[in-house]
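A short write-up of the structure that comes next.
Since the structure is predicted, the reported quantities are computational estimates derived from the model, not experimental observations.
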Amino acid sequence: MGIITKRSSKKVRANEILIRLKRLYPDAVCSLDYETPVQLLVAVILSAQCTDERVNMVTPKLFARFPDAIAMANADLDELMELVHSTGFYRNKAKNIRGACEMIMRDFDGKVPNTMDSLLKLPGVARKTANVVLAHAYGINAGVTVDTHVKRLTKRLGLTKFDEPLKVERDLMSLLPQRDWENWSIRIIYHGRAVCNARKPACDRCDLADLCPSAPKT
DNA sequence: ATCCCGAGGG
DNA sequence: CCCTCTGGAT
């Protein structure tokens with residue numbers, strides 16, 4: 001089989017998986033709670049190595065105390081650390097949140113930037129965070145959000161052989177239509193939480209098993 | 001490659 | 001105890 005055929009059949013399979021995911025999780029949405037682009041940015045920074053559920057437990061108080069970029073840029077670091085403590089990595093997260101908001105005030109006219117290059121200048125922001133903010137705050141599909149779930153499932157599904165997030169992202173960008181990049185990630189994450197979890201994937205009740213090279217043959 | 005870090009599951 | 005949870009910087 002030639003390389004072209006091999007790649008296009010992989011694309012066909014990726015898009016079949018996409019169709020199934022839409023059917024399985026028709027109402028999937030970003031599960032972080034936020035009102036504004038800055039609040040989304042902060043919530044995504046907090047979500048590192050932490051469940052969205054826990055992030056949503058701390059953000060109500062956090063956003064009540066520091067509602068916008070001005071407030072967070074001028075926040076007392078110790079108070080900020082205390083408010084985000086239970087999400088883990090609280091020192092770095094507090095510093096990054098304040099640092100990012102300082103930069104937003106100083107260099108970006110008080111608004112969360114809407115380009116990948118600018119977002120990547122913010123402390124604590126790399127492609128994963130930038131992709132989420134661009135997609136959900138601005139409706140811009142700059143790339144595919146690759147987190148631990150997306151990486152794990154994409155690899156198990158045989159759609160990438162890489163571990164590096166950027167290479168996984170490039171593979172997905174070449175396989176999926178651009179308009180579906182973000183909903184792929186959201187639904188893959190749902191599936192990763194509900195069925196294809198890290199420790200013990202439930203292949204026996206997985207609706208993607210027949211399309212998955214990692215599932216046991218029945 | 002290693003560090004940051006809390007919380008929950010097994 | 002070890003692993004994992006929507007990562008990023010050094």
* Asked: Considering only the P atoms, how many Å lie between B:dT2 and C:dT6, rounded to the nearest integer?
  ->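 Taking atom P in both B:dT2 and C:dT6, they lie 25 Å apart.
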* To do: Please state the C1' separation for the pair B:dC4 and C:dT4 - nearest whole angstrom.
  =>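 About 16 Å, rounded to a whole number of Å.
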Report, one pair per line, the protein and nucleotides 1-3 of chain C atoms (nitrogen or oxygen only) whose separation is under 3.5 Å.
| from | atom 1 | to | atom 2 | distance (Å) |
| --- | --- | --- | --- | --- |
| C:dC3 | O2 | A:R199 | NH2 | 2.9 |

* Indicate yes or no: does A:E164 engage A:K151 in a salt bridge with an N to O separation below 4.0 Å. =>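 The answer is no: the pair does not qualify as a salt bridge.
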* Give the minimum heavy-atom separation between A:F162 and A:V168, together with the two atoms involved. =>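 Minimum heavy-atom contact is O-CG2, 3.5 Å.
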* Contacting residues from residues 144-152 of chain A, given that a heavy atom lies under 4.0 angstrom of DNA chain C ->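 Listed by number, they are A:D147, A:T148, A:H149, A:R152.
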* Does any residue of residues 81-106 of chain A have a heavy atom under 4.0 Å from DNA chain C, and if so, which ones, in number order? ->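 Contacts with DNA chain C under 4.0 Å: A:F89.
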* Asked: Can you pull the contact range of chain A along DNA chain B, 5' to 3', using atoms under 4.0 angstrom from its heavy atoms?
  ->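 Terminal contacting nucleotides, 5' to 3': B:dC4 to B:dG9.
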* Asked: Looking at residues 34-66 of chain A, who's got a heavy atom less than 4.0 Å off DNA chain B?
  ->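 Hits under 4.0 Å, by residue number: A:Q49, A:R54.
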Rounded to whole Å, how long is the line connecting atom [atom1] of [X] with atom [atom2] of [N]?
X	N	atom1	atom2	answer
A:W184	C:dT6	CH2	P	18 Å
A:R127	C:dT6	CZ	C1'	16 Å
A:L122	C:dG7	CG	P	18 Å

* Within residues 78-101 of chain A or reaching into it, pairs that qualify as ring pair (Phe, Tyr, Trp, His ring centres under 6.0 Å) - sequence neighbours excluded ->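 Sorted result for residues 78-101 of chain A: A:H85-A:Y90.
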Could I get the full list of salt bridge (charged side-chain N to carboxylate O under 4.0 Å, His left out) partners for [X], not counting sequence neighbours?
X	answer
A:K61	none
A:E35	none
A:E182	none

* Which residue pairs satisfy the salt bridge (Lys or Arg N to Asp or Glu O under 4.0 Å) criterion with at least one member in residues 126-137 of chain A, sequence neighbours excluded? ->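 Those involving residues 126-137 of chain A are A:R127-A:E169.
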* To which residues is A:I70 joined in a hydrophobic cluster, defined by side-chain heavy-atom contacts under 4.5 Å among Ile, Leu, Val, Met, Phe, Trp and Tyr, whether direct or through other members? ->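 A:I70 clusters with A:M105.
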* Residue list, side chain to side chain contact (heavy atoms under 4.5 Å, CB included) with A:D33, at least two apart or on another chain ->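 Testing A:D33 for side chain to side chain contact (heavy atoms under 4.5 Å, CB included), a comparison that skips the adjacent residues, returns A:N56.
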* Asked: So what does A:S31 touch, heavy atoms closer than 4.0 Å: a base, only the sugar-phosphate, or nothing?
  ->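 Base, at least one base heavy atom under 4.0 Å.
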